[in-house]
Novice: 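First the structure, which I've put down as structure tokens, then a few questions once you've had a look.
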2 protein chains.
Amino acid sequence: MVTIKNIAELANVSIGTVDRVIHNRGEFSLKTEEKVRKVIKELNYKPNVIARSLVSKKEVKFGVFLPKSKQDENYWKLPAAGIKNAEKELEIYKIKIIYFYYDKYSKTSFKKCFNKMLEKKDVLDGILIAPVISELASEMINKIPENIPFVFIDSCIQNSNFLSYIGQNTQKSGALSAKLMNLSVKVPGSIVIIKIISNDYHINNRIKGFLSYFKKLKDNKIIIYEPEKGKDLNNIIKTALKENKNLRGIFVPSVYAGRIAECTKKKSLCVIGYDLTTKNESLVKTGAIDFLINQRPELQGYLGIMTLFKKVVLKETVKKEIRIPIDILTKENIEEYKDQI
Amino acid sequence: MVTIKNIAELANVSIGTVDRVIHNRGEFSLKTEEKVRKVIKELNYKPNVIARSLVSKKEVKFGVFLPKSKQDENYWKLPAAGIKNAEKELEIYKIKIIYFYYDKYSKTSFKKCFNKMLEKKDVLDGILIAPVISELASEMINKIPENIPFVFIDSCIQNSNFLSYIGQNTQKSGALSAKLMNLSVKVPGSIVIIKIISNDYHINNRIKGFLSYFKKLKDNKIIIYEPEKGKDLNNIIKTALKENKNLRGIFVPSVYAGRIAECTKKKSLCVIGYDLTTKNESLVKTGAIDFLINQRPELQGYLGIMTLFKKVVLKETVKKEIRIPIDILTKENIEEYKDQI
DNA sequence: CGTCTGTTCGTTATCGTACACGGAAATAAT
DNA sequence: ATTATTTCCGTGTACGATAACGAACAGACG
């Protein structure tokens, strides 16, 4: 193992000088800088993180910008759980996390919360963002100072200077749902898509992927229902059943499959939805939901913090994109997906 | 953060004494021991792993007992990859891994390799084992000294004193395969199980799970083919097709689905197999294999080492069992499962 | 030539833990 | 009582990196 002492000896300077060069703290001549840098390169010196974090008294602080935990049927407590997991694991490295929870159904809350985070910009060494309201996010993102790296989870603002994006290929997940739907629907008929949350990046792409899969086939008729906000789901289902005498399946490209499935007690319907919330889980177990797509939210949160840690503390290069697998959950395997990382 | 210095002060002794008590190195009186232990408990002292691993010059060595990487269509290089991942991540903690690769089709090799590992028992601080030949493993396991913790991946020898088991519920995965088969077979007919490797824990349990699912239904006829070792698979398939005029699906409860699918170019057959090897991957993409079950072999290896690390270095308590989710892979999502941890 | 300022660098204490060394007290042996 | 032997405990150094402190030396200026 190469230490700064080795470097100091070979470069004929003291460890203090080596340290100054490494951290660009000035107070050295060009000549010694070159000498030191040359030796560092030759020996392929990598600083010892352990020694570094032992001596350094300064805490590393990461900001986390997430929807409130209870929103979307408690979905958002899952990424938060993964983040807390990472926080605990990194406690020893003096990593602290400051949480900023916003209301994902309120632009005002989003803005206010983001600004509150920006007030702390002088103490933050990195930021994790779930940019659920994408139009707003792409504005606000620009206000983050250049020197603070930020990662996205869940969704991504492509034309921004993000460090890394951790999330699922949403369109593919839609196509996968379509495959499963097609497999489950043995007799041709109508398939209904219930679009509860509109104007959402994920929802729209899932539908896009779903439709693209069915475009090639032509056996089934696909209808999209887009109920107004806050309207009774029972009525939607009733309407759907009335308007489609041969309804075969329901695709719910959001976390609300459980709510829908509670209304359709008819077992002959194939219901496909997203995310392992407690409600969804129990309805998969009863058979009311046939398939759930899982996006490993805990892992997304965990990896988000780990990516920041690798970049900021370990100074490693990180992947620009981490693809989250598209898990298929059914009655038979759902139990095995619980309590993962 | 509580340090031994704090404890020393409160207990009115020196840090040297505290250290001796903590490590039970003797040379202290009963009275001081009690004082020190009391303070440790009161302050809930947790040693600083960072400082500890910085000062300690001793390497921690883990033994890894795995089938040769190239066996089972290169399947076994996947857990090894996960292990190497963990090794790299833990390099800084002076963790070293010694690999012992055996031929999983030779009892002699298994024994010899295990004994070779046991020769190193004085330097090993933990062992990771894939006990593929279970009868032999359950004998050999007893020779591991009491003080060396060992974890299982892939499969488990239940009546042994293992620290942790990381693996999949094999029977459930069989039932899941059956569900998928049942879903894919739209017209009743025969379903063939091809049991290439016999006398294997996984294979038998997968078949058990598969059969149990179909027992309730009665639409399809299930036949098990058990070709002799080294026999041409093409012939097996030919025979199966000849003997079952209405063959609908093939279940391959091993890694060899790809080999089988190469022989059956008929698209009307549903083929379900196991594991994301390169061969299997390409055949899923062509559509020759309909479903693959993934058991996250890289993750198993990674978690195996991490579990040993947590126990031996961090002295944390670890889970006795880590369930690996049963991933369903299809043409639509297989790409997203590649290059995972 | 003396004083001053600024640049450049070496020395040293520190983080929390481990462990060797040696000293003081207490007990045993003579 | 004196010496020898335990028992018990404090001190010091090391691990590798950081950063404060101050020394050495140069050139500038009167």
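In the text below, chain A, chain B and the rest are named by the order of the sequence lines, each starting its count at 1.
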Novice: How long is the span from the CD1 atom in A/I4 to the OG1 atom in A/T17, to the nearest 0.5 Å?
Specialist: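 Going from CD1 on A/I4 over to OG1 on A/T17, the span is 10.0 Å.
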Novice: Looking at DNA chain D, which of residues 33-56 of chain B put a heavy atom within less than 4.0 Å of it?
Specialist: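 Those residues whose heavy atoms fall under 4.0 Å from DNA chain D, taken from residues 33-56 of chain B in numerical order, are B/L54, B/V55.
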Novice: Calculate the interatomic distance between A/K57 atom NZ and D/dG16 atom P; express it in whole Å.
Specialist: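 Rounding to the nearest Å, NZ of A/K57 and P of D/dG16 are 19 Å apart.
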Novice: Output a table of nitrogen or oxygen pairs between the protein and nucleotides 23-26 of chain D separated by less than 3.5 Å.
Specialist:
none

Novice: Looking only at side-chain N and O atoms, does A/S29 offer a donor or acceptor that is under 3.5 Å from a partner on A/T32?
Specialist: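 On atom types as modelled, these side chains qualify, holding a pair under 3.5 Å.
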Novice: In whole angstrom, give the distance that lies between atom CD1 of A/I7 and atom P of D/dT18.
Specialist: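 Atom-to-atom, A/I7 to D/dT18, this comes out as 11 Å.
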Novice: Does the side chain of A/T3 get closer than 4.0 angstrom to OP1 or OP2 of D/dC15 through an N or O atom?
Specialist: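 Looking at the OP1 and OP2 atoms of D/dC15, neither is under 4.0 Å from any side-chain N or O of A/T3.
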Novice: Between A/E33 and A/R37, does any NZ, NE, NH1 or NH2 come within less than 4.0 Å of an OD or OE carboxylate oxygen?
Specialist: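 A salt bridge links A/R37 with A/E33.
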Novice: In residues 14-24 of chain B, which residues come under 4.0 Å of DNA chain D by heavy atom?
Specialist: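 Contacts with DNA chain D under 4.0 Å: B/S14, B/G16, B/T17, B/R20.
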Novice: Round to a whole Å and report the spacing from CD of A/E27 to P of D/dA20.
Specialist: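 These atoms are roughly 10 Å apart.
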Novice: So, using ring pair (Phe, Tyr, Trp, His ring centres under 6.0 Å) as the criterion, who are the partners of A/Y165 when residues are at least two apart?
Specialist: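 Expected list: none.
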Novice: Between A/E59 and A/K96, does any NZ, NE, NH1 or NH2 come within less than 4.0 Å of an OD or OE carboxylate oxygen?
Specialist: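 The answer is yes: the pair qualifies as a salt bridge.
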Novice: CG of B/N12 versus P of D/dC8: gap in Å, rounded?
Specialist: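 Nearest whole value for this atom pair: 18 Å.
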Novice: Using a 3.5 Å distance criterion without hydrogens, assess whether the side chain of B/N6 forms a donor-acceptor pair with backbone atoms of B/T3.
Specialist: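 Judged by distance alone, yes, a pair lies under 3.5 Å.
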Novice: Using atom CZ of B/R25 as one end and atom P of C/dT17 as the other, report the distance to the nearest whole Å.
Specialist: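 Checked: the CZ to P distance equals 13 Å.
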Novice: With no hydrogens and no angle check, is any side-chain donor or acceptor of B/S138 less than 3.5 Å from a backbone partner on B/S134?
Specialist: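 Checking the backbone N and O of B/S134 against the side chain of B/S138, a donor-acceptor pair under 3.5 Å is found.
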Novice: Expressed in angstrom and rounded to an integer, what is the separation of B/E59 atom CD from D/dC15 atom P?
Specialist: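 Result: 16 Å.
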Novice: Any donor and acceptor pair, going by atom type alone, linking the side chain of A/K320 with main-chain N or O of A/F162 inside 3.5 Å?
Specialist: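 Confirmed, A/K320 side chain pairs with A/F162 backbone.
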Novice: Spell out, as yes or no, whether a donor-acceptor pair under 3.5 Å connects the side chain of A/D19 to the backbone of A/I15.
Specialist: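 Not at all, since once roles are kept as given, no pair shorter than 3.5 Å links the two residues.
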Novice: I'd like to know if A/K58 and A/D125 make a salt bridge, using a cut-off of under 4.0 Å between side-chain N and carboxylate O.
Specialist: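 So A/K58 pairs with A/D125 through a salt bridge.
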Novice: In whole angstroms, how far is the C1' atom of C/dT17 from the CE atom of B/M1?
Specialist: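 So the two atoms are 12 Å apart, to the nearest Å.
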Novice: Mind jotting down which residue pairs meet the side chain to side chain donor-acceptor pair (under 3.5 Å) criterion with at least one end in residues 85-94 of chain A? Sequence neighbours excluded, please.
Specialist: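 Residue pairs with at least one partner in residues 85-94 of chain A: A/E87-A/Y99, A/E89-A/Y302, A/Y93-B/Y93.
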Novice: Would you call the rings of B/F110 and B/F114 parallel, tilted or perpendicular, taking 30° and 60° as the class edges?
Specialist: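 B/F110 and B/F114: parallel rings.
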Novice: Within this structure, what is the CD1-to-C1' distance between B/I4 and C/dA18, rounded to whole angstrom?
Specialist: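 One finds 8 Å between C1' of C/dA18 and CD1 of B/I4, rounded.
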Novice: Decide if the gap between the ring center of A/F150 and the ring center of A/F152 is smaller than 6.0 angstrom.
Specialist: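 Yes, the ring of A/F150 comes within the 6.0 Å limit of the ring of A/F152, centre to centre.
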Novice: Between A/Q340 (side chain) and A/E298 (backbone), is there a donor-acceptor pair under 3.5 Å?
Specialist: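 No, A/Q340 side chain to A/E298 backbone: no donor-acceptor pair under 3.5 Å.
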Novice: How bent is the helix from C/dC1-D/dG30 to C/dT30-D/dA1, measuring the angle between the end axes built from five pairs each, rounded to 10°?
Specialist: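 So the angle between the two local helix axes works out to 70°.
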